[in-house]
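Worksheet: the structure to be examined is printed underneath.
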Amino acid sequence: MTDRVSEASRRRGYDPAAMEGRWQEQWAESGLYKTDEDLRKPKHYALTMLPYPSGDLHVGHWYAMTPSDTRARFMRMQGYRVFFPIGFDAFGLPAENAAIRNGIHPRKWTLSNIERMRGQLKSMGAMFDFDAEVVTCEPEYYKWNQWFFLKFFEKGLAYRDEAPVDWCPSCNTTLAREQVVGLDRRCERCGTPVIKKNLAQWLFKITYYAEELLDFSGIDWPERVKTLQTNWIGRSEGAEAVFDIEGYGPVEVFTTRPDTLFGATFFVLAPEHPAVERTTTPDREAEVREYVESAGKMSEIDRTDVTRRKTGVATGAYATNPVNGERVPVYVADYVLMAYGTGAIMAVPAHDERDFEFAKQFGIEIRTVIAPPGWDGGELAEAYPGEGTMVNSGGFDGLSAEEGKERVTGWLEERGTGHAAVTYRLRDWLISRQRYWGTPIPIVHCAACGTVPVPEEDLPVRLPEDAEFAPTGESPLKRDEGFLYTTCPRCGGPAERETDTMDTFMDSSWYQYRYLSPHYDDGPFDPAEGEKWLPVDQYTGGIEHAVMHLLYTRFFTKVMRDLGLVDFDEPMVRLFNQGIILGEDAEKMSKSRGNVVNPQEFVDRYGSDALRCFLMFIGPWDQGGPWDGSGIGGVARFLRRALSLVAGGDPSGGQANPDDLERRTARTARKVTGDLRAFRFNTTLATLMEHTNYLLAVKSEVGEARWAEAMNVFVRLLAPFAPHHAEEMWTLMGEKFSVHERDWPEWDESLIQEEEITLIVQVNGKLRDRVTAPADISEEAAKELALASEKVQPHVGEGEIKKVVYVPGRLVNMVVA
RNA sequence: GGGGGCGUAGCCCAAUCGGCAGAGGCAGCGGACUUAAAAUCCGCACAGUGUGGGUUCGAGUCCCACCGCCCCUACCA
């Protein structure tokens, strides 16, 4: 069906795909999209998120990139020098999986994908400057990942620690965080639930910047992202208190409620807590060991299932409460997480739901220490986590909970058994991957010297090209002797290289800087270029990166600032999150679901301008939504009609007033400009369509000079959306190449005003008549005019007019008793 | 359990400060062109805004309570 559409169009000489191909060639030849270096103009660094070279551009890429391109083009025409680069996030698991499955080397697979995608990107007709292209799997790029690693290491921001990682027991390998999918945390590749595994891992100390990362004052980002990051960082204020475990020593706990310390009737350690083993009494040993082991084996899903009954066992040990010297039993229970706070808690069942549940199950005393309003002194039916008055708390009785927090904390500090503390939910960023296709971590392990960083001048540590791939789950680097065995840079003795590679989020944390000078040798980027372009002015991308990439890149920029590389605090001044385009079935597009929409079909049939405009037209950009290709024909028709304004074609014969030409042109320019500033592409397109319909209707009735002027404005307004069609029209109009180098249209505000307006006449808020009046009508005259309306009379009748509401230029409302 | 978003015509979506519910498009219907169809062009119709209250001269818009759908998060002490 749709084929017939384009076939018929071609027969009539409209072949958008061919026309667009011609312009793309000419743009490339003329270097139209080489970055403007005219420093007299204000800068605008526009950036769209770094794509992964999965093989083919899908419609989601178009949805993310073409509005971004439209906006960049708009800025360019508004007189900015615009930098709009593109590149490829070329390391990562899919390439390695392809290698294991098909025996293709990840590098070969990746580079051929890039080759294909580069061609497809060009068919988009975007103004990307391909001279700035960055490919993160090239040594000239990842060398600087390693350089950053060394700088982080020097500053103590990179360290090695044993940490639990997500491990897929079926693929026998660790997974990147983004490859653990769904609430039930399954491996994306095979669907097996992941487990935790302890491995020595490299981490970046992002928590060092936790406090600063909570400060968004320098940036104009969506509230949503700021909230997500704030929650992710999860700052909690409270106190740390020291409990003494008999036969072991002091163990710190974190609490947000030091005011409830007197209500602590038991003490809980996480199963992984080092104190568990050493405090368990001999008679409890067997049971505790069994519990700890089963907790360790349990999948994350089961372990964190909130609906599950609380479990745990007594260790036989006792801990001493620092405020009252009371001995309370120590339990080990998996509802306490090693990863948060200190991995141990004081349990206050009366005022914490979880502790309450546990105490009920184990028959532990529930002691009220904060009296709820109107409390009768009896036992609480459920935990009371709210505010109230302190009771059963020794000398603190009678204080409000709020005051109690401070006083108890002070009391602890005086005695050296505690202090005020802030805890963050944010964990340090685990960057180790037991994978081949990533940046080698530039570290050497020497039996004599220990962990030794590779000297800067020896960078890059290259990935060996001849690695062998087998589905053993072991990185090929571990079996690559040429890579593995080396000499210690410190003592010259025999040593082994670190075989872990870096998380690919490392690559995307600073790529915006590399774009400035992708081949620069003396640093991650050329500072002279940085002066010209940094920081990024407008970033666009999906919200799914809110707490990963967008947090990491903020962290990186702060470290770069502290290294003296940049002099600002935030990488991207403004951020816009587009929505996600779903499959026709309203599900996320994925190969396995078979609902992936291939843009190429639509480009071939309707042209890239049509697809660009269609994606911008279907709704607000931040909303996303399911793909419904049935509407693209309408957008294609619009472009064809627009072109026919200059290329001849069917006379319209529609009815419209040719006298309005200048006013409507000015009004269209104003609306398009305003909506484009605000990223409202859908309404902008609607405005351009409306204007096209009008122009077609009056074309034959307008004189040549007026027509030429109106078209000149219209084509420039169209240019950011449909760059090829606009260029074609511009040329057909006899204007000089290229429309994309022209200025954005201005408009005369005074032209927009109508001389006559339609006044709405209401009686008791109900529409009763419309009257035409001069635009500058006075309030008195408007009211008189409304009263005089015959249609109004029956509704007013004998009733008394109590009040007349007048909204200038809009309506008169008569209130009748 | 917590946080966020969205409900307007058959469908996708518009609607400035609260002021005519409709800009645009899809699908539909009628007409023109055609031997016919497609394409193209012209025109037409279609909802009272998820539900129930409230504020107001006036509510799609503001407030309260529900219903439905979607996304994120998850024992964070």
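Everything numeric here is computed off the predicted structure, so don't read it as measured data. Lettering of chains follows the sequences in order, A, B, ..., and the numbering in each one begins at 1.
- Comparing the C1' positions of B:U34 and B:U40 gives an interatomic distance of 12 Å, to the nearest angstrom.
- Rounded to the nearest Å, the gap between the C1' atom of B:C64 and that of B:A59 is 15 Å.
- Residue A:N682 places at least one side-chain N or O under 4.0 Å from the OP1 or OP2 atom of B:A14.
- When distances are taken from the side chain of A:K803 to each of B:C57, B:C12, B:C76, the shortest belongs to B:C57.
- A:L688 comes within 4.0 angstrom of nothing in the nucleic acid, heavy atoms only.
- In this structure, A:P620 reaches the sugar-phosphate backbone alone: every heavy-atom distance under 4.0 Å involves primed, P, OP1 or OP2 atoms, never a base.
- Ion pairing between a basic and an acidic side chain is recognised when a charged N comes within 4.0 Å of a carboxylate O; A:R235 and A:E211 show such pairing.
- Side-chain contact, A:D585 with A:N595: a donor N or O sits under 3.5 Å from an acceptor N or O.
- Each of A:M814 and A:Y424 was matched to the nucleotide of RNA chain B holding its nearest heavy atom; the match closer to the 5' end belongs to A:M814.
- Distance CD (A:E587) to P (B:C69): 14 Å, rounded to an integer number of Å.
- Here A:R640 does not reach the OP1 or OP2 of B:A39: none of its side-chain N or O atoms lies under 4.0 Å away.
- Nucleotides B:C44 and B:G53, compared at atom P, are 37 Å apart to the nearest Å.
- A close approach under 4.0 Å does not occur between any side-chain nitrogen or oxygen of A:T423 and OP1 or OP2 of B:A77.
- With a glycosidic angle more than 90° from 0, B:C6 adopts the anti conformation.
- Nucleotides B:C62 and B:G1, compared at atom P, are 27 Å apart to the nearest Å.
- For A:N693 and B:G25, the shortest distance from a side-chain N or O to OP1 or OP2 is below 4.0 Å.
- Nucleotides B:C29 and B:U16 have their C1' atoms positioned 35 Å apart, rounded to a whole Å.
- As judged by a 4.0 angstrom heavy-atom cut-off over every strand, A:I345 is placed among the base-contacting residues.
- Side-chain N/O atoms of A:Q762 and base N/O atoms of B:G19 include a donor-acceptor pair closer than 3.5 Å.
- For the 3.5 Å distance criterion, the side chains of A:R612 and A:T70 qualify, holding a donor opposite an acceptor.
- Separation of the C1' atoms belonging to B:G68 and B:A23 is 29 Å when rounded to the nearest angstrom.
- Applying the 90° cutoff around 0 to the glycosidic angle, B:G28 is assigned anti.
- Side-chain nitrogen and oxygen atoms of A:R641 include at least one within less than 4.0 Å of the OP1 or OP2 phosphate oxygen of B:C42.
- With both ends at atom C1', the span from B:G58 to B:G2 equals 39 Å, rounded to whole Å.
- Of the two residues near RNA chain B, A:R257 and A:T683, the one whose nearest nucleotide lies more 5' is A:T683.
- By the 4.5 Å heavy-atom criterion applied to side chains, A:R257 and A:K405 are counted as neighbours.
- Across all strands shown, A:R770 has heavy atoms under 4.0 Å from base atoms, whether or not it also approaches the sugar-phosphate.
- In summary, the aromatic rings of A:F614 and A:F602 are positioned with their centroids too far apart to meet the 6.0 Å limit.
- When ring centroids are compared, A:F617 and A:F638 stay outside the 6.0 Å threshold.
- One P atom belongs to B:C20, the other to B:A27, and the distance between them is 30 Å to the nearest Å.
- Distances from the side chain of A:Q623 to the nucleotides B:C57, B:C13, B:G24 place B:C13 closest.
- Taking 4.0 angstrom as the limit, A:R680 places none of its side-chain polar atoms (N or O) nearer than this to OP1 or OP2 of B:A14.
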